[in-house]
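Have a look at the structure below, then the notes.
Just so it is clear, the model here is predicted, and its values are computed rather than measured. Here is the naming used below: chain letters follow the sequence lines, and residue numbers restart at 1 for every chain.
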Amino acid sequence: MPLTDESQRFTSLSARLTGFDGAELDATGMAEAYRAVAAEQLGARRYARLLRELPEEPDDAGDPELRSAAEAVTHLWYTGSWPGPPPFLVSPRAYAEGLVWKAAGLRAPATEPGGYGSWAEAPGRHEGLGTIEGSGP
Amino acid sequence: MTRYDVIVVGAGVAGSLVAHRLGRYGRRVLVLEAGAADPGGGSARDPLTTYLAASGMVPGSPLGPRTEAPSPGVTDLVGADGTPGYRTAGHLPQDGPLPYASGYVRANGGTGNVWTGLAPRMLPEDFDTEAFGYGRRWPLGYADLEPDYRAAEEELGVAGDADEQREQLGLPLPDGYVFPMRPLPAARLDRVLAARLDGRRVRDPVARREVELRVVGTPHARNGVPDPRYDAGRGYVPRGRHGRPDPESRCVGSASCIPHCPSYAKYTPLKTQGRWSDGVTLRDRSVVSRVLVDGGGRATGVEYHAADGRVSVAHADVVVLAAHAVENARLLLLSGLAERSGQLGRNLMDHPVLLTWGLLPEDAGPYRGPGSVSGFEGFRAGPARRLRAPFRVEFGTWGWVWAKGPVDTDVRHFLHGRGLFGADLRKAVGDRIRRQFTLQFEMEQSADPANRVTLHPSERDPLGLPRPLVTYDLDAHVKAGMAAAGAVSDQLFELLGAEEHTDYTPAAAWPGRFEHDGRVYGYRGAGHAAGTHVMGDSPATSVVDSWQACWDHPGLYAVGCGSMPSVATSNPTLTMAALALRSAERVEADLASRDRPVSLATPPTSRTDSETSPIRGVPE
């Protein structure tokens with residue numbers, strides 16, 4: 001599928017929101033599906049605003065509409081679910097590719113098991129995990 | 001109309017095992033199951049796909065929706081501010097001070113589709129808690145059940161460490177006995193806890209004693225590596241999806257034993273069904289509404305609502321109710337049977353589970369294998385149980401999922417709650433999930449006649465049958481156990497240097513919440529219903545005898561956890577399986593004596609005498 005300008009904008013926006021780079025996001029195979037979900041769920045006007053007006057640092061978004069759109073798209077990438085209302089899971093694939101698991105160096109339960117006895121080891125196939133510092137409560 | 005030797009009501013763990021055993025003896029067995037034969041609910045989707053496509057992956061997710069035979073749903077019980085602190089909806093209304101927080105599944109395979117697969121035995125002293133001043137005594141002891149425990153471990157395919165069970169729990173396993181499969185490898189969490197805590201001591205402020213900590217592996221009904229020493233060197237072959245031999249079948253760490261094991265390493269009743277002989281017939285979507293008896297009270301069959309909507313009748317010499325503790329009691333109440341002792345429906349027990357959770361200083365290795373691989377066993381036995389309920393401590397290796405819900409909760413916390421995006425969000429979410437662990441303190445709850453199942457006076461199910469109504473509470477003994485567990489948990493967190501996150505709010509998430517000595521505790525149900533047709537050694541005080549035969553009705557058995565006079569601290573499935581196999585042998589003996597040529601010296605009614613003789617005191 002040829003990359004459109006809009007697809008590129010969506011991926012670049014998603015990278016800023018999620019902390020995962022474009023290559024990592026592409027590797028999930030979910031970018032196009034999520035772009036379509038976001039466009040449909042936000043509606044053309046809000047979707048266009050999000051693509052064009054979100055500040056470089058997403059948490060600087062003071063505008064409530066922009067902010068909630070940014071949160072919804074980030075939630076989608078991390079969990080595979082649109083937060084609603086009503087919430088829905090995009091697909092089994094989306095669940096398996098949720099960034100929440102990748103952020104932790106894990107695979108989603110029931111999707112890509114590590115093999116007999118794999119639970120004895122620390123995770124870390126996806127990231128070099130050094131000493132972990134506390135993030136606070 | 002076909003006449004059967006035996007009708008089994010319910011195709012869960014107990015019913016499937018009874019049918020299997022009797023089928024092997026050449027008996028004609030009809031199994032009536034309320035749910036659909038395919039618990040995935042149909043043709044197009046397998047349970048894994050259904051599970052992965054579900055929003056909010058709850059235990060019922062892989063099971064199709066059911067209308068005729070509803071089960072309690074996960075969202076049916078919700079916490080509320082005020083008194084009582086919960087609300088119920090759906091199939092299982094409640095009116096007690098505290099909620100019975102467990103559900104069950106009415107589908108082929110029953111709740112055995114969605115169990116954890118943990119298969120520990122009960123301890124010998126668990127069979128008589130009256131010696132500790134509480135609860136009810138079993139009409140049989142550990143030694144009576146021991147051969148059946150071994151048979152159940154074979155049927156379920158248990159992986160465990162016999163030497164460790166002997167040394168750390170004092171279990172009197174026979175000399176030379178090994179489990180079918182070698183113990184599962186310890187989880188990373190188990191290793192971290194063992195390194196920090198083995199040999200350390202914590203104080204139980206309720207019992208005023210110190211307990212030495214030792215991480216001990218839990219026996220699992222889950223395929224691992226067969227032990228070549230099993231069965232006098234004949235070994236054991238793991239069984240795969242349909243119960244057929246599958247030497248390579250292993251747990252591969254899917255971290256989804258509940259609701260669904262995609263590799264079919266975990267035992268489910270469907271594996272036993274795959275081994276049924278041709279003499280066993282499963283009739284699904286058949287909701288039994290009444291047990292039929294003749295003028296002498298002898299069971300003659302059942303009435304059931306068939307899938308085509310018609311009310312049908314089936315006849316047999318023996319009827320075995322194996323429809324789960326709550327539904328067995330409901331069915332007997334609907335039939336007006338087995339009520340002589342006044343104990344039918346009473347003594348409802350569960351394992352109320354106190355959860356505590358937090359973050360380890362290091363990686364806990366969550367979401368990579370079975371939900372719990374090991375635990376602490378040192379709080380289960382001994383004189384301390386005079387003062388407080390005993391408990392097992394399970395290590396929860398699936399992060400905070402039981403306490404807080406799926407990991408989406410963590411995303412929501414950092415994204416919506418803390419306003420994090422980008423690299424900050426990625427780091428915070430990853431860090432939190434990697435370090436998550438849960439301690440699950442599973443309390444023994446003793447038999448209290450006030451905790452009960454009755455028929456709801458007005459609410460009806462889709463077939464027009466009264467719904468079960470549950471009245472439930474926790475007594476001071478259980479609350480004292482929770483208090484001891486809470487104090488132990490505090491010390492464990494301290495010794496681990498772990499960051500505590502235990503918090504029993506919001507109210508909606510904690511229907512099981514109470515205050516005790518100024519501290520708030522929240523509990524969950526373990527799904528271990530017991531006691532509703534309690535066994536005993538007298539028809540005046542119990543519903544079934546030690547064979548799970550109803551005192552009042554020759555040819556009628558009620559099997560399952562509902563027969564247990566105490567629920568001990570073991571996950572009860574293995575004990576239920578052992579009892580079911582024992583009952584099957586008794587049913588076979590009944591049928592064999594029926595088949596024998598009539599002896600002129602023995603009038604037919606004498607069978608009743610042998611069925612009702614208590615076995616307590618029988619030499620071992």
Closest heavy-atom pair and its distance - [X], [Y]:
| X | Y | value |
| --- | --- | --- |
| Pro113(A) | Val252(B) | CB-O, 3.1 Å |
| Ala110(A) | Ser256(B) | CB-OG, 3.4 Å |
| Asn223(B) | Tyr116(A) | O-CE1, 4.3 Å |
| Tyr78(A) | Gly422(B) | OH-O, 4.3 Å |

Quick check: under 4.5 Å, non-hydrogen atoms only, which of residues 65-76 of chain A neighbour chain B?
Arg67(A), Ala70(A), Glu71(A), Thr74(A), His75(A)

Please enumerate all residues that pass side-chain contact (heavy atoms from CB on, under 4.5 Å) together with Glu56(A), with sequence neighbours excluded.
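Arg16(A).
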
Give a yes or no on whether the backbone of Ala103(A) and the side-chain of Arg434(B) come within a donor-acceptor separation of less than 3.5 Å.
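Side chain of Arg434(B) to backbone of Ala103(A), a donor-acceptor pair under 3.5 Å: yes, one is there.
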
Closer than 3.5 angstrom, by distance alone: can the side chain of Trp119(A) be matched with the main-chain N or O of Ser254(B) as a donor-acceptor pair?
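Here the side-chain-to-backbone pair does not exist.
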
Given side chains that start at C-beta, do those of Ile433(B) and Val100(A) come closer than 4.5 Å, heavy atoms only?
yes

Approximate separation, where rounding is to 0.5 Å, of [X] [atom1] and [Y] [atom2]:
| X | Y | atom1 | atom2 | answer |
| --- | --- | --- | --- | --- |
| Tyr95(A) | Asp408(B) | OH | CG | 9.5 Å |
| Phe20(A) | Leu425(B) | CZ | CG | 8.5 Å |
| Leu17(A) | Leu420(B) | CG | CG | 12.5 Å |
| Arg426(B) | Leu99(A) | CZ | CG | 8.0 Å |
| Asp363(B) | Glu121(A) | CG | CD | 11.0 Å |

Interchain contact, [X] with chain A, by part (heavy-atom threshold 4.5 Å):
| X | answer |
| --- | --- |
| Ala187(B) | both |
| Val407(B) | both |
| Val225(B) | both |

Decide if atom CD of Glu53(A) counts as having more than 12 heavy atoms of other residues, nucleotides or ligands within a radius under 6.0 Å.
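It does: Glu53(A) CD has more than 12 such atoms within range.
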
